[in-house]
There are 2 protein chains.
Amino acid sequence: MSHTLGIRQAQKQKTRQALLDAALGLLEEQSLSSLGLREVTRAVGVAPTAFYRHFRSTADLGVALVEEALGSLHPMIRTTVSTTGDSEERITRTIELIARHVDGYPAHVRFIARERHGGVQPVREAIREQLARFAQEVKDELAKDPVSAGWTEDDLLMLAHLYVDQMLITASLFLEALEGPEREREERTRHVAQVATRQMRLIGLGRHHWLD
Amino acid sequence: MSHTLGIRQAQKQKTRQALLDAALGLLEEQSLSSLGLREVTRAVGVAPTAFYRHFRSTADLGVALVEEALGSLHPMIRTTVSTTGDSEERITRTIELIARHVDGYPAHVRFIARERHGGVQPVREAIREQLARFAQEVKDELAKDPVSAGWTEDDLLMLAHLYVDQMLITASLFLEALEGPEREREERTRHVAQVATRQMRLIGLGRHHWLD
DNA sequence: CCATGCAGTTAACAACTGTTCTCTGTAATT
DNA sequence: AATTACAGAGAACAGTTGTTAACTGCATGG
């Protein structure tokens, strides 16, 4: 099925990926709206004009980064929310998954947290769409749970959004813990996990008593 | 008590405020990390070098904006959370207060949402501190409520953080509704209010069953 | 009333930006 | 084998940026 693409296309994609990687690196200490295309090409070691072969603008590159950061995350979400087990166990697993993801892709997480409300409209829009998809998917999984019997579609969606936002906040807090001095890292990470766990637990309690 | 400051100091503060206002306006369609000091002075109609009489850098100006946006909000938070009445009534009032605030100071709200995770470290730090203060204050008010009998200090604080984050998310959603086309504005605002109310209600339910 | 302090101005700087046009080498197609 | 397509290079453009220095005018304090 997968066509092995020629030397030419392969090299192009390589450069494109290098541009994305360099941009993601530069965005650790600034926002997308201040990222210059010359800055990016300089970091890759390529002529400024080469940028235009891949992206119309840095905003365009930003949209591509959103896809890279969130696009591949949907299956992970689905399986995590849907896995069986008591709710306490599910919470622990979710928090741990978030921690692991932040550990593995800190720059991606930072980028999403930063640009979700950032200064570049198309990027905000792209993130909004992806998060709306996440909420839909979480809703679909919640609907399968017997606890959701008697729930409105609207109520399921509002709960899903609550979960998604909560996960994002937690991810961002894990990131802050990672960025701090190494001595405190372990303790701060543990603390974030503990607080997030209890918040999820409290939301879960509210969920179980929703129809009272 | 209040010393009427001379002509000179008054004019200085006027220019300073003009710089802050101009910056806030320019930040509606970009992030602080891309805001140039020339851009700001040009908008005010003042020489670029005049900027240095008031701020060391745009980052410094950003910190001042945080103070302006959040500093005066603490009393409002306290009174809102602490007012008596049944919890349903309290939720409605809180949501309405948020809606009103976003309506009155949209640029401030946008600035905080944008720069909370933005590219300028000192500004992030300043926002973090203010929000931590909010959480503390909410905690203090929660502690007075009889529902909080038997709660750990830690648990009260984790709930307070949940509330604060939830309020920020709601504010940001109200803002998005405001920014959209006018035809949909009223409906979207109503929708945001409705969802936020139910989320608060669910969290409130979780709160009441926390000690089960 | 005069000397000082200081908000704001003017001019200049080196460095940087996005974008255009022209060119080159080579992979892909015929 | 000859032709085409196209990723990337190179040079030049007009504008922009932050920061410096030396200045001017005027409110303020002695």
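Side-chain atoms are counted along with the backbone in the values below, which use heavy atoms only and exclude waters and symmetry mates. Letters go in sequence order (proteins before strands), and every chain restarts at 1. What you see is a predicted model, and the numbers here were worked out from it, not measured in a lab.
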Using side-chain heavy atoms (C-beta onward) and a distance below 4.5 Å, is [X] in contact with [Y]?
{"X": "B:Leu70", "Y": "B:Arg133", "value": "no"}
{"X": "A:Phe174", "Y": "A:Asp103", "value": "no"}
{"X": "B:Gln166", "Y": "A:Leu162", "value": "yes"}

Spacing between [X] atom [atom1] and [N] atom [atom2], to the nearest angstrom:
{"X": "B:Gln30", "N": "D:dT17", "atom1": "CD", "atom2": "C1'", "value": "13 Å"}
{"X": "B:Arg38", "N": "D:dT20", "atom1": "CZ", "atom2": "C1'", "value": "12 Å"}
{"X": "A:Ile7", "N": "D:dG8", "atom1": "CD1", "atom2": "P", "value": "14 Å"}
{"X": "A:Tyr52", "N": "C:dT20", "atom1": "OH", "atom2": "P", "value": "6 Å"}
{"X": "B:Gln11", "N": "D:dT28", "atom1": "CD", "atom2": "P", "value": "11 Å"}
{"X": "A:Leu35", "N": "C:dG18", "atom1": "CG", "atom2": "P", "value": "8 Å"}
{"X": "B:His54", "N": "D:dT19", "atom1": "NE2", "atom2": "C1'", "value": "17 Å"}
{"X": "A:Leu37", "N": "D:dA9", "atom1": "CG", "atom2": "C1'", "value": "15 Å"}

So, does [X] get its side chain near the phosphate of [N], meaning an N or O under 4.0 Å from OP1 or OP2?
{"X": "B:Thr49", "N": "D:dT20", "answer": "no"}
{"X": "A:Thr15", "N": "D:dA7", "answer": "no"}
{"X": "B:Arg42", "N": "D:dT17", "answer": "yes"}

_What residues from residues 55-66 of chain B pass a heavy-atom cutoff of under 4.0 Å to DNA chain C?_
none
*Sequence neighbours excluded - salt bridge (charged side-chain N to carboxylate O under 4.0 Å, His left out) pairs with any residue from residues 170-195 of chain B*: B:Arg110-B:Glu179
_Flag if over 12 foreign heavy atoms under 6.0 Å of CZ, B:Arg93_ = yes
*Using a distance-only test with no angle check, is there a side-chain donor-acceptor pair under 3.5 angstrom linking B:Gln30 and B:Glu39?*
yes
*Would you please say whether a donor-acceptor pair under 3.5 Å links the side chains of A:His117 and B:Glu115?*
no
*Comparing B:Gln9 and A:Val46 on DNA chain D - which has the more 5′ nearest nucleotide*: A:Val46
*Mapping B:Arg8 and B:Gly45 onto DNA chain C by nearest heavy atom, which one lands closer to the 5' end?*
B:Arg8
_Using the side-chain heavy atoms of B:Glu39, tell me which of these nucleotides is nearest: D:dT17, D:dA9, D:dG8._
D:dT17
